[in-house]
Amino acid sequence: MIIRLCLLVAFLGGRLPLVGTEEDSGPFSTPFPSPLNADALLSPNCSQLTLKLDFSTKVVKHEYIVAFNGYFTAKARSDFISSALRDVDAVNWRIVRRDNPASDYPSDFEVVEIRQDARSSLLTLQDHPYIKRVTPQRMVLRSLKLTDSGTDGASPCNDTRWMQKWQSWQSSRPLRRTSLSLGSGFWHATGRHSSRRLLRAIPRHVAQILQADVLWQMGYTGSGVKVAVFDTGLSEKHPHFKNVKERTNWTNEKTLDDGLGHGTFVAGVIASMRECQGFAPDSELHIFRVFTNNQVSYTSWFLDAFNYAILKKIDVLNLSIGGPDFMDHPFVDKVWELTANKVIMVSAIGNDGPLYGTLNNPADQMDVIGVGGIDFEDNIARFSSRGMTTWELPGGYGRVKPDIVTYGSGVRGSGLKEGCRSLSGTSVASPVVAGAVTLLARFNYVPNGDYVDVAVSYSPVLWPWAGYLAVSISVAKKAASWEGIAQGHVMVTVASPAENDSEIGGEMTSTVKLPVKVKIVPTPPRSKRILWDQYHNLRYPPGYFPRDNLRMKNDPLDWNGDHIHTNFRDMYQHLRSMGYFVEVLGAPITCFDASQYGTLLMVDSEEEYFPEEITKLRRDIDNGLSLIIFSDWYNTSVMRKVKFYDENTRQWWMPDTGGANVPALNDLISVWGMAFSDGLYEGDFTMSDHEMYYASGCSIARFPEGGIVIAQTLKDQGLEVLKQETAVVENVPVLGLYQTPSEGGGRIALYGDSNCIDDSHRQKDCFWLLDALLQYTSYSMSPPSLTHSKNRVAPPTGTDRPLPQRLEGNHLYRYSKVLEAHLGAPKPRPLPACPHLSWAKPQPLNETAPSNLWKHQKLLSVDMDKVVLPDVRPYRPQVRPLSPGESGAWDIPGGIMPGRYNQEVGQTIPMFAFLGAMVVLSFFVVQLTKAKSKPKRRKPRVKRPLYLQQQQQQTPQSGKNPTV
């Protein structure tokens, strides 16, 4: 699917740039406030009409989705549930009837209402061998309000005010899957620019801007491609559409029409054939109405609609909803099943930018094309979500998303009944890509390559939405000192048994060619190589991992992944600009060669450590590896204070660790006589002439003799949280530098707060401090501003108070890769084996290729002077416009966009006639203007001779005056 999208970029003028190439559910949680209105970011002063949306979500009482291990008839599903609940006494249950087009087909789930003894009934259901999972039925409610967000008396759009008032502990981040247009308020006309700057004129529709008309003339109009639009429906006789194959209703309302207009707009961008021209006017439109006019939807509605899309063999599916919860299993499982059935799913990436690590599900899935937005100046839209796929962290490296960006601001599409309208948002960008994919659904793509080692890892059995296949790429040893672009392709062949077991030798094979193009640089020196520890970072949603900054009451969950390409992206960009190379460790510490790296960087670690890791790290530091640790708060009393009640799971959520797992870090560094405390501090201070802010950090409780320790005066935030009292504490140790005593040993640096390098809620960055620490660890250069600081104190001995202990009764073992459940305290698991790759033998291709292949091959617009377009449709009759009162349900012979028939007669003659009329009109306008602007000249009076005047006076008056 992504390969087809690459072709889309090449053919459509290179105007859909891949983000990765640039540098640089129904939804479903507790009620939370709606997110910040992102479309206020589209113009400098936000002077525009904005449709604001309030959300509330809730679990449908007594209703549960029972997912089965396969597709069964309604009778079989009923029998399975009956047999499972037969032994449960006094259970009042029934199967909720679902009247929709999928009811006549086998299904893999059922909605069950259980009135009594629900807990024991659910456990009994889950034990049935044919039942895979039981989850609550959920509903989302949405309400719209059109407001005038003018600038009079309003604060700037991008103004950020840090909350310094303790509020109720709740999140403004909606933990649900919501509509990415309605939910973010993008229903307004764009293009209001108050700043005086030269803007690009936009005289055409987005399909023409992306040169879809070139493909129309070549005969590609989307014919034969089935496109599904999951939205708010479509009117039956809308004049913009001529090939609506089927309209289906999955809601509890008895209508198929669109009462809101968003579904009509999305369908128009994809397949409109007049006025607001879509990309693929000849495609088959399948309209799925999954939202009511009151903006209500249910999980089961989506599941039924997805099943029906599979039955109808849909080719392309556009979905403009999303949310951060990638563990909504019924929804995500069904998305995987769709893509495994050859459905190209295109989904909006979300409107939670500009912070990295804000991808929405399902667009963050590996087999869904996630679409971000840009404006018509080709700038990334501020509202567009971006970052790495956090659901893959820390088990994998994560992948850059969105997969592609395109115009999502001020895009014109079909109005509710007729005409056009302009909307903005990633939900607008999504149908742009869906339409383009529909237009290019039959294209292929093939490149070539060299100088890289490739390994393919896969499970013994590959099956749709089961198993895995991974491609690992590394620089070959012979290219260690080479620099350039290496490119080629990886060919993967998958063999499947014959469908009919009786057939002999009927094995089926599928071959896929994956293009590879990488930039290679010479291996950097050890001092310039930094290893980022990702393996020991944990994040929401598996468990409750709280924010590092306790002031951020409206965003309590640490869900951004703590990755160099998510919420630590600015730090990564800074290190790259300083000449450092940062690599990511996604395996235990025992799995990397420490002799290749100068510094191991550990930031905000929540995971425990294997005993073998502690031993290995001590040995590596003795041999020259250096270590930098940015810690965070850990206090068991505060952890109990910040618990909250989750209405989805109907239980209290207690943090399984603090901002960082300080007891685990203390175990790691105890061999050098170092430890962090459970103190919780906050405040502004100055260090080395730099303004700093300490946001919910801890202090250094113990440090060895001979080390450098810097202390500051801070507020006791833990006392403020627990007792609402304010106290100032002097000489709080926050920074420590230490040279290990072994010969050739490395250096260790500790700092008690990571918020100053974290993009999530950073107020004052401390990248200068990170530079100074790296100078110390990589080059053994002690910063004079720190060694001679007036805030330097004696290293603390840690005898005044006990070190922090792990929270009693915590459930960290449920989400940990290190711990496992055990009678009493959890114990470490066996150390996992390190990843091992078997490199494939490369086969050089294109040895006589042009010498400029190492350069980036630009994707430019189509040069019409060099392309010979085949005349695939020599006869295209002219189509007249609709007469007043005439039905809009008419057909066009040939099925091409109106206004593009009879190219010679339909375009050339009207164009010359228009130009001639304009020349004549201009001539008369100029003449008229000259006549009006020319001052009137008075006629000179003729003086008569004196004798004539005397004669006239003597002549008697008559009826006529004499004429001179």
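Note that the structure is predicted; figures quoted are calculated from it, not measured.
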Thr358 side-chain N/O to Leu355 backbone N/O, donor-acceptor pair under 3.5 Å:
yes
So do the side chains of Asp678 and Val662 get within less than 4.5 Å of each other, counting heavy atoms only?
no
Side-chain donor/acceptor of Gln775 to backbone N/O of Met781, under 3.5 Å:
no
Show the numbers, then the answer: is there a side chain to side chain contact (heavy atoms under 4.5 Å, CB included) between Val603 and Asp562?
CA-CA 8 Å; Val603 180; Asp562 291 343; over 6 Å; no
Atom pair NZ (Lys641) and CE (Met654), whose distance is rounded to the nearest 0.5 Å
12.0 Å
For the side chain of Thr599 and the backbone of Leu601, is there at least one donor-acceptor N/O pair under 3.5 Å apart?
no
Just by modelled atom types, is the Ala381 backbone N or O under 3.5 Å from a matching donor or acceptor in the Ser384 side chain?
no
Here's one to test your reading of the geometry: is the NZ or CZ of Lys616 within 45 degrees of the ring axis of Phe592 and under 6.0 Å from its centre?
yes
Side chain to side chain contact (heavy atoms under 4.5 Å, CB included) with Leu359: of Val400, Asp352, Asp364, only one passes, and it is Asp364
Should Glu608 and Arg829 be marked as a salt bridge (Lys or Arg N to Asp or Glu O under 4.0 Å) after you check the CA-CA gap, both sets of side-chain angles, and the distance that decides it?
CA-CA 11 Å; Glu608 295 283 339; Arg829 304 173 187 267; over 6 Å; no
Around Asp800, counting heavy atoms of other residues, nucleotides and ligands shown, do more than 12 lie under 6.0 Å from its CG?
yes
Looking at every heavy atom in both Trp633 and Arg547, which two are closest together, and how far apart are they?
NE1-O, 3.2 Å
Quick check: do Leu812 and Pro826 have side-chain heavy atoms less than 4.5 Å from each other?
no
Mind checking whether Ser631 and Leu750 have side chains closer than 4.5 Å, heavy atoms only?
no
How close do Tyr580 and Ser778 get, counting heavy atoms only, and between which atoms?
CE2-OG, 4.5 Å
Tested for side chain to side chain contact (heavy atoms under 4.5 Å, CB included) against Asp753, the lone hit among Asp632, Asn549, Asp604 is Asp632
What do the steps show when you test Asn661 against His536 for side-chain hydrogen bond (donor to acceptor under 3.5 Å, both in side chains), and what is the final call?
CA-CA 10 Å; Asn661 193 341; His536 295 92; over 6 Å; no
Answer yes or no: is there a side-chain heavy-atom contact under 4.5 Å between Arg792 and Thr787?
yes
So does His811 get a backbone contact from the side chain of Asp656, meaning a donor-acceptor N/O pair under 3.5 Å?
yes
State, with a plain yes or no, whether a side-chain heavy atom of Val638 is found less than 4.5 Å away from one of Leu722.
yes
Ser816 side chain reached by Glu607 side chain, heavy atoms, under 4.5 Å:
yes
When rounded to the nearest 0.5 Å, the distance separating CG of Leu680 from OH of Tyr694 is 9.5 Å
Do the side-chain N and O atoms of Tyr681 and Gln712 include a donor-acceptor pair separated by under 3.5 angstrom?
no
Asp771 and His574: side-chain donor and acceptor closer than 3.5 Å?
yes
So which heavy atom on Pro796 is nearest to which on Ala701, and how close?
CB-O, 3.5 Å
Could you tell me how the ring of Phe630 sits relative to the ring of Tyr751: parallel (under 30°), tilted (30 to 60°) or perpendicular (over 60°)?
perpendicular
Of all the heavy-atom pairs spanning Ser754 and Phe568, show the shortest one and how long it is.
O-CE2, 4.3 Å
Taking Asp620 for the side chain and Leu625 for the main chain, is one N or O donor matched with an acceptor at less than 3.5 Å?
no
How would you list, by chain and number, every residue that makes a ring-ring contact (aromatic ring centres under 6.0 Å, His included) with Trp672, sequence neighbours excluded?
none
Let me confirm one number: the CZ-OG1 distance from Phe545 to Thr657, rounded to the nearest 0.5 Å.
7.5 Å
What distance separates Leu807 CG from Tyr634 OH, expressed to the nearest 0.5 Å?
5.5 Å
Side chain to side chain contact (heavy atoms under 4.5 Å, CB included) between Val584 and His565, worked out:
CA-CA 10 Å; Val584 174; His565 298 317; 5.9 Å; no
What closest approach, in Å, do Val732 and Ser699 show between heavy atoms, and which atom pair accounts for it?
CG1-CB, 3.6 Å
Would you say Trp532 and Tyr572 make side-chain contact, with heavy atoms under 4.5 Å?
no
Quick check for you: to the nearest 0.5 Å, what is the distance between Ile564 atom CD1 and Met388 atom CE?
7.5 Å
When you measure from the centre of the six-membered ring of Phe581, is the NZ or CZ of Arg576 under 6.0 Å away and within 45° of the axis?
yes
Check Lys715 against Arg551 and note the closest heavy-atom contact, atom names and distance.
NZ-NH2, 4.3 Å
Under 3.5 Å: donor-acceptor pair, side chain of Arg747, backbone of Thr777:
yes
May I ask you to say whether Arg762 pairs ionically with Asp570, meaning some side-chain N is under 4.0 Å from a carboxylate O?
yes
Begin from the C-alpha positions of Leu769 and Ile757 and carry the test side chain to side chain contact (heavy atoms under 4.5 Å, CB included) through to its verdict.
CA-CA 10 Å; Leu769 176 62; Ile757 58 174; over 6 Å; no
Return yes when atom NZ of Lys827 has more than 12 non-hydrogen atoms of other residues, nucleotides or ligands closer than 6.0 Å, and no otherwise.
no
For the residue pair Ser785 and Ser688, confirm or rule out a side-chain donor-acceptor distance under 3.5 Å.
yes
Go through Arg806 and Asp667 one step at a time and tell me if the salt bridge (Lys or Arg N to Asp or Glu O under 4.0 Å) criterion holds.
CA-CA 12 Å; Arg806 292 170 176 83; Asp667 292 344; 2.8 Å; yes
Answer yes or no: is there a side-chain heavy-atom contact under 4.5 Å between Pro704 and Met674?
yes
Under 3.5 Å, is there a donor-acceptor pair linking the side chains of Gln717 and Ser696?
yes
